[in-house]
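Here is how names work: the chains are called A, B, and so on, in the same order as the sequence lines, proteins then strands, and each is numbered from 1.
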Protein chains: 2
Amino acid sequence: MAKQMGICDTTLFDHEKSFKALSDQKRLHILRILATKGRTFVCDLGELLGLPQSKLSYHLKILLDMNFISVEKEGKWNYYSANSNEIKKVLSSDLCCLFYPE
Amino acid sequence: MAKQMGICDTTLFDHEKSFKALSDQKRLHILRILATKGRTFVCDLGELLGLPQSKLSYHLKILLDMNFISVEKEGKWNYYSANSNEIKKVLSSDLCCLFYPE
DNA sequence: TACTCACATCAATTTTTTTTGATTTGATGT
DNA sequence: ACATCAAATCAAAAAAAATTGATGTGAGTA
């Protein structure tokens with residue numbers, strides 16, 4: 001059931017998805033931690049945020065799908081980092097302070 | 001039932017709201033039309049978008065609340081325009097092409 | 001093999017957002 | 001006052017997203 005859309009609307013749909021990924025405090029917080037601390041072990045992330053495992057997984061997946069973050073798997077551990085390039089494509093430089101407070 | 005939040009989280013909450021306002025194709029389309037055409041009469045907007053009155057009203061309110069657009073009332077007609085300053089505060093310059101295609 | 005640990009995924013529920021159609025408000029004209 | 005049009009608002013329904021707790025998977029380890 002593809003919605004009717006022209007060329008422009010296709011890109012609007014993509015942007016809708018980007019903004020949706022960003023429209024949640026927990027996910028913004030995740031991005032900020034990753035941008036600030038760099039490569040981070042998932043469990044550390046969970047503790048910092050006070051999120052249970054399955055909830056964290058859910059939100060990480062949303063950010064992953066939009067390519068705002070990436071994973072590296074080492075053995076049974078996962079390390080996440082922010083894709084600052086992708087983030088910068090979307091956000092104004094002013095909003096960078098959101099991810100690099102101080 | 002205020003959620004527990006520190007100073008930083010308050011601003012994250014504000015940004016969550018901004019991004020939420022932007023995370024919808026129809027609203028992005030509204031912004032694009034307003035940014036491209038300038039001050040626009042609501043009914044014209046409705047026709048361009050193919051949105052019924054009450055749905056349009058709903059989405060305009062969300063953009064208004066976040067200050068991405070503003071209204072001027074003249075008699076019984078309403079004219080809307082984009083607040084490009086507010087938009088630029090949030091979006092990267094790359095994303096401006098989203099609102100000024102061509 | 002069997003037992004953990006780290007993590008993803010799933011299904012059921014709850015919460016939030018959006019849509020719909022009807023009603024209300026407010027300005028204008030008769 | 002009454003009718004009309006522009007537009008906001010409301011309440012109910014539908015749709016989408018988030019939460020929860022349980023289960024599954026896959027890598028290490030005993």
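The interatomic distance linking B/Glu16 (CD) with D/dA18 (P) rounds to 9 Å, in whole Å. Counting to the nearest Å, the C1' atom of D/dA16 and the NZ atom of A/Lys17 are 15 Å from each other. For the pair B/Lys61 NZ and C/dT17 P, the computed distance is 13 Å after rounding to whole Å. Atoms CZ (B/Phe41) and C1' (C/dA27) sit 13 Å apart, rounded to a whole Å. In this structure, NZ of B/Lys26 is placed 10 Å from C1' of C/dT17, rounded to the nearest angstrom. Between the P atom of C/dA6 and the CG atom of A/Leu51 lies a distance of 17 Å, rounded to the nearest Å. Taking atom CG of A/Asp24 as the reference point, atom C1' of D/dA18 lies 8 Å away to the nearest angstrom. Between the C1' atom of D/dA6 and the CG atom of B/Leu45 lies a distance of 14 Å, rounded to the nearest Å.
Out of D/dT19, C/dA8, D/dT9, the shortest distance to the side chain of A/Ser57 is found at C/dA8. With distances taken from any side-chain atom of B/Tyr80 to the nucleotides D/dA8, D/dT9, D/dA6, the minimum falls on D/dA8. Candidate nucleotides C/dA8, D/dA8, C/dG26 were compared by shortest atom distance to the side chain of B/Lys76, and C/dG26 ranks first.
Each of A/Lys20 and A/Glu74 was assigned the nucleotide of DNA chain D with the nearest heavy atom; the assignment lying further toward the 5' end belongs to A/Lys20. Between A/Ser54 and B/Trp77, the residue anchored closer to the 5' end of DNA chain C is A/Ser54, taking for each the nucleotide with the nearest heavy atom.
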- [ ] Would you sort out whether B/Lys26 and B/Leu56 count as a side chain to side chain contact (heavy atoms under 4.5 Å, CB included), showing the intermediate values?
- [x] CA-CA 9 Å; B/Lys26 294 167 225 69; B/Leu56 181 56; over 6 Å; no
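An OP1 or OP2 oxygen of D/dA17 is reached within less than 4.0 angstrom by no side-chain nitrogen or oxygen of A/His59. Remark: A/Asn78 is not in phosphate contact with D/dA27, judged by side-chain N or O atoms under 4.0 Å from OP1 or OP2. Distances shown here put a side-chain N or O of B/Lys55 below 4.0 Å from the OP1 or OP2 atom of C/dT20.
Using a 4.0 Å heavy-atom criterion, one finds that B/Tyr79 contacts no nucleic acid atom at all. Across all strands shown, B/Ile62 has heavy atoms under 4.0 Å from sugar-phosphate atoms exclusively, and none from any base.
Side-chain atoms of B/Gln53 come within donor-acceptor range of the base of D/dA8, with a qualifying N/O pair under 3.5 Å.
A donor-acceptor contact shorter than 3.5 Å links the side chain of B/Ser92 to the backbone of A/Lys89. Of the possible polar contacts, none joining the A/Gln25 side chain to the B/Leu12 backbone as a donor-acceptor pair under 3.5 Å is found. Side chain of B/Arg39 to backbone of B/Ser81: no donor-acceptor contact under 3.5 angstrom is found.
A heavy-atom distance below 4.5 Å is not found between the side chains of B/Phe68 and B/Ile62.
With a cut-off of 3.5 Å on both pairing distances, the Watson-Crick or G-U wobble partner of C/dT30 is D/dA1.
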